[in-house]
Amino acid sequence: MTLSKDKNWWRQAVIYQIYPRSFADSNGDGIGDLKGVTSRVDYLASLGLDAVWLSPFFPSALADGGYDVDDYRDVDPKLGTLADFDEMIAALHGKGIRVFVDIVPNHSSDRHVWFQEALASEPGSAARNRYIFRDGKGVNGDEPPSDWPSHFAPRAWTRITNPDGTPGQWYCHLFAPEQPDFNWDNPEVHEDFKKTLRFWSDRGVDGFRIDVAHALKKDLSEPLRSKPAIVDFDNPLSGDDPIFDRNDVHQIYREWREVFDEYDPPRVAVAEAYVRAERRVLYAKPDELGQAFNFDLLESPWDADSYRGHIDFNVKLAAEVGSSSTWVLSNHDKVRHATRFGLPQGADRNAWLLSENAGGVLDMELGTKRARAASLLQLALPGASYVYQGEELGLHEVWDIPLDEIQDPQWERNLHKYKGRDGCRVPLPWTSTGSSFGFGSGGSHLPQPAWFAEYAVDVESADASSTLEMYRAAVAARKQLLTGEDLSWGSLDGGQVIDFDRGNGWRSITNFGSEPITLPAGEVVVVSAPLVDGKLDSDATAWVVVR
Ligand code: NOJ
Ligand code: CA
């Protein structure tokens with residue numbers, strides 16, 4: 001199959017996120033790898049995907065699941081080689097599936113050759129200036145240079161020890177201490193990332209997911225300004241926060257756009273920018289990254305008004321900047337949506353994960369039913385749909401990983417406040433029996449629960465009513481039905497019912513209420529739950545073609 005040169009291929013693509021360490025293991029060492037991905041290309045093709053996005057597979061000590069990169073232009077030997085990468089991309093392209101890789105430009109790992117060089121160099125040297133080093137405050141320099149907070153630790157500064165054993169300068173890290181932040185005021189950093197973008201583009205990569213796109217630029221003028229806490233979306237709209245979502249970060253993406261446009265079709269990108277929606281779309285402008293993740297559904301409770309509001313707002317907002325919207329229900333950072341919808345409304349998910357009776361509180365059946373309804377609704381929305389590995393199986397969060405097997409730095413670094421994100425990163429079940437449920441011939445780097453058997457790919461492939469078969473049918477129907485990027489509200493829309501029309505007679509109707517509802521006359525092409533006496537069940541979605 002040859003890939004089209006259409007430069008707009010991404011606008012309404014279905015893009016599947018692979019967390020490589022947990023997708024498929026080809027050599028039985030318990031860690032998923034690139035050959036594992038290649039071995040599952042037929043499965044990926046059976047989902048009808050336009051693209052896959054691979055979370056980091058670069059050399060890494062895994063202080064943060066690979067988001068601590070030692071070398072941006074290589075493959076972690078635990079996951080394979082560059083030759084394996086070439087083979088994988090050729091196999092995917094051969095099936096018409098494009099490939100995104102994850103770029104982590106805010107920070108490297110502390111094992112990156114530049115950071116090692118910085119540690120061995122003098123304060124004020126060129127090597128130190130690639131990162132953010134400062135003298136400490138206080139008499140002996142033993143207080144951090146500012147009050148900046150970190151996502152994974154109480155503060156964003158760690159003091160180094162000089163080669164002679166004396167205490168040295170401090171460096172900035174908005175995440176774990178093993179993830180030192182680059183100094184994006186340094187042109188050398190700009191040049192190196194452009195080199196990385198070209199390196200992967202030359203190897204045939206079609207797109208990039210940009211990690212923490214909003215944090216690269218900091219206000220480094222002295223004295224460093226205060227930023228005492230990180231609260232979700234706490235960025236002001238002025239663009240002048242000391243560390244997040246600064247106006248000057250956009251210059252970086254304008255430079256990157258020039259690199260993307262060197263290719264035919266131009267390379268594409270999607271920003272992970274956890275900022276207010278009005279600011280988020282700025283990253284998605286056509287002269288910058290082109291797309292930005294919209295996490296509104298991922299953060300939304302199962303509620304019709306909330307869903308309707310997010311849909312209406314985001315479709316309009318994306319159009320205003322010339323992008324298409326993006327939709328996400330799950331990813332490698334959040335409790336899986338089947339589980340979120342099966343917990344009591346408003347439950348504190350961190351507290352739930354740490355509770356003794358987590359399994360008893362979760363209503364798996366209800367969660368799965370709503371997750372299917374939400375996924376079918378998502379796949380009908382205009383714009384790009386991002387699907388996280390395992391969500392096509394309706395997989396739930398694994399809530400009972402023993403604390404001594406937790407890998408996520410959130411657990412240790414945040415002083416055991418959050419159990420972290422491992423529960424959505426457990427290796428996929430491919431078969432209902434066998435070692436690690438067919439993930440590989442050996443074990444699994446995170447423990448898989450017994451209930452995974454019911455969600456295995458072989459079980460669901462053999463069951464026409466499974467979540468997997470619903471995804472396959474939905475993505476195939478979407479391809480047939482998709483015309484423009486328009487959405488208009490249908491006649492049933494209002495109250496507990498969401499009904500929208502995508503043109504071509506294609507309506508997606510979701511019943512959030514407790515009683516079944518009558519569907520409009522037409523052909524029911526996909527449903528998330530069996531009809532009840534010909535009616536759409538509660539917590540269910542149907543696609544109806546009305547002509
Ligand atoms: C966002 C990624 O999705 C997350 O997994 C990671 O921990 C942080 N960025 C830091 O890179
Ligand atoms: Ca392996």
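Both ligands and their constituent atoms are indexed starting at 1 by order of listing. Remember, predicted model here, so these are calculated numbers, not experimental data. Here, residue 1 is the first one in the sequence, and each next residue gets the next number.
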- Message: Using heavy atoms and a 4.0 Å limit, tell me yes or no: is Q410 in contact with ligand 1?
- Response: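 Contact absent.
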Quick one: report the N, O or S atom of [X] that is nearest to the Ca ion (ligand 2).
X	result
D25	OD1
D33	OD2
D29	OD1

For [atom], what's the nearest protein heavy-atom neighbour? Residue, atom name and distance, please.
atom	answer
atom 7 (O) of ligand 1	D64 OD2, 2.6 Å
atom 8 (C) of ligand 1	F175 CE2, 3.8 Å
atom 9 (N) of ligand 1	D211 OD1, 2.8 Å

- Message: My understanding is that only one of R279, K227, R225 makes a salt bridge (Lys or Arg N to Asp or Glu O under 4.0 Å) with D241; could you say which?
- Response: K227
Calculate, to the nearest 0.5 Å, the distance between atoms [atom1] and [atom2] belonging to [X] and [Y] respectively.
X	Y	atom1	atom2	answer
D74	D76	CG	CG	8.5 Å
L317	R280	CG	CZ	6.5 Å
S355	W399	OG	CH2	11.0 Å

- Side chains of D25 and H445: do they bring a donor and an acceptor to under 3.5 Å? no
- Please find out if the Ca ion (ligand 2) and some N, O or S atom of G28 are separated by less than 3.0 Å.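 No, since none of the N, O or S atoms of G28 sits under 3.0 Å from the Ca ion (ligand 2).
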- Item | Residue S26, metal the Ca ion (ligand 2), N/O/S under 3.0 Å |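 Within the cut-off used here (under 3.0 Å), S26 places no N, O or S atom near the Ca ion (ligand 2).
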- Task: Measure from the side-chain N and O atoms of S330 to the backbone N and O of R336, and report whether any donor-acceptor pair falls under 3.5 Å.
- Result: no
- Find all atoms of ligand 1 within a distance of less than 4.0 Å from any non-hydrogen atom belonging to V212, and give their numbers and elements.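 Heavy-atom distances to V212 below 4.0 Å select 9 (N).
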- Message: If the cut-off is 4.0 Å to any non-hydrogen atom of R421, which atoms of ligand 1 fall inside it?
- Response: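 Per the distance check, 4 (C), 5 (O), 6 (C), 7 (O).
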